[in-house]
Amino acid sequence: VNAFVEWNGSLYAGGSGSPGGFVVWWDGTQWNPTANITSSPHTLRVYNNELYVAGGFTPSVAKWTGASWSTVATNLESCYPVDIFFFGGRLYRSSVSWPANFNNVAMLKDGNWDDMNGGVLPSCDARFGEYQGRLLVGGGFTSAGGIQSPGLALWDGDSWLSRGPDAGVSAIASNGSDVFVAGNFN
């Protein structure tokens, strides 16, 4: 199992299985399947009471309709997403296999994935969180939008701000006023 999330009073889990991947939900007695996906999901998120999944399948980010998975955006479907996160009414995603102009992170805009002002470099498994009203992005990168920012950066919707602790960030969690970061710190 790669991910868990609570949605509509039930626990959902996503992971590897036969023949490909799975997203199942617990009804208090047993696990129940949703529609099959072809590969293991990496992330499950809930936004506006809707369930989203991201992983190495097509479409790489999908929304559960109650009967099937629907495509969120049609561009960048061959890029395996590492994380998805909702912030400021917009969906964000990270990946390690992007076209050059995206540089590891993107935001959903008008039904397509869009560049985030230069993204983060070098290639990394970026993670998302929220801090002081901004999107917090962490990973093994050294710059964000061309600005030196080793490991952490803030995105305000248009531009990057450096917050690097000189670390390879692997997880981010926040509870509103505090943020917790895990990784390999120097």
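This chain uses plain numbering: 1 for the first residue, then up along the sequence.
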Measure across [X] and [Y] and return the closest heavy-atom pair with its distance rounded to 0.1 Å.
X      : Y      : value
Gly119 : Val105 : CA-CG2, 3.7 Å
Ala73  : Gly111 : CB-O, 3.4 Å
Pro81  : Ala54  : CG-CB, 3.7 Å

Within the distance-only criterion (no hydrogens, no angle test), does the side chain of [X] pair as donor or acceptor with the backbone N or O of [Y] below 3.5 angstrom?
X      : Y      : answer
Ser143 : Ser149 : no
Glu6   : Gly9   : yes
Thr34  : Val23  : yes
Ser94  : Ala126 : yes
Trp160 : Met116 : yes

Return yes if a side-chain donor-acceptor contact under 3.5 Å exists between Asp27 and Ser10, otherwise no. no
Between Arg93 and Thr43, does any side-chain donor sit less than 3.5 Å from a side-chain acceptor?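 Checked: Arg93/Thr43 side chains show no N/O donor-acceptor pair below 3.5 Å.
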Would you call Phe87 and Met107 a side-chain contact if the rule is heavy atoms closer than 4.5 Å?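 Contact flag for Phe87/Met107 side chains = no.
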Between Val53 and Val61, is any pair of side-chain heavy atoms under 4.5 Å apart?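 Contact flag for Val53/Val61 side chains = no.
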Any residue meeting side chain to side chain contact (heavy atoms under 4.5 Å, CB included) with [X], in chain and number order, not counting sequence neighbours:
X      : value
Ala13  : Val1, Phe4, Val24, Trp31
Ala182 : Ser170, Ala171
Thr65  : Ala67, Ser68, Ser70

Can you label the angle between the Tyr47 ring and the Phe86 ring as parallel, tilted or perpendicular, going by 30° and 60°?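 Parallel: the ring planes of Tyr47 and Phe86 meet at under 30°.
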Show, in sequence, the C-alpha distance, side-chain angles and deciding distance for Asn117 and Asp158, and conclude whether the side chain to side chain contact (heavy atoms under 4.5 Å, CB included) test is met. CA-CA 7 Å; Asn117 197 18; Asp158 294 307; over 6 Å; no
Distance check, rounded to the nearest 0.5 Å: [X] atom [atom1] versus [Y] atom [atom2]?
X      : Y      : atom1 : atom2 : result
Leu135 : Phe85  : CG    : CZ    : 6.5 Å
Ser95  : Ile84  : OG    : CD1   : 12.5 Å
Trp113 : Leu108 : CH2   : CG    : 5.0 Å
Tyr131 : Leu152 : OH    : CG    : 10.5 Å
Leu154 : Leu136 : CG    : CG    : 5.5 Å
Leu51  : Trp25  : CG    : CH2   : 12.5 Å

Quick one: which residue pairs count as a salt bridge (charged side-chain N to carboxylate O under 4.0 Å, His left out) with a foot in residues 54-71, not counting sequence neighbours?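 Non-adjacent pairs meeting salt bridge (charged side-chain N to carboxylate O under 4.0 Å, His left out): Glu50-Lys63.
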Give a yes or no on whether Val137 and Leu121 share a hydrophobic cluster (residues Ile, Leu, Val, Met, Phe, Trp, Tyr; joining criterion: side-chain heavy atoms under 4.5 Å apart).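 Looking at the clustering, Leu121 is in a separate group from Val137.
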Results of salt bridge (charged side-chain N to carboxylate O under 4.0 Å, His left out) for Arg45 - residues two or more places apart only: Asp83
Trp7: which residues meet the side chain to side chain donor-acceptor pair (under 3.5 Å) condition with it, sequence neighbours left out? Asn49
Report the C-alpha separation of Tyr52 and Leu44 in whole Å, then their side-chain angles, then the decisive distance to 0.1 Å, and conclude whether the side chain to side chain contact (heavy atoms under 4.5 Å, CB included) test is met. CA-CA 6 Å; Tyr52 290 78; Leu44 295 170; over 6 Å; no
Please walk me through it: do Asn2 and Ser40 pass side-chain hydrogen bond (donor to acceptor under 3.5 Å, both in side chains)? CA-CA 8 Å; Asn2 298 327; Ser40 178; 2.6 Å; yes
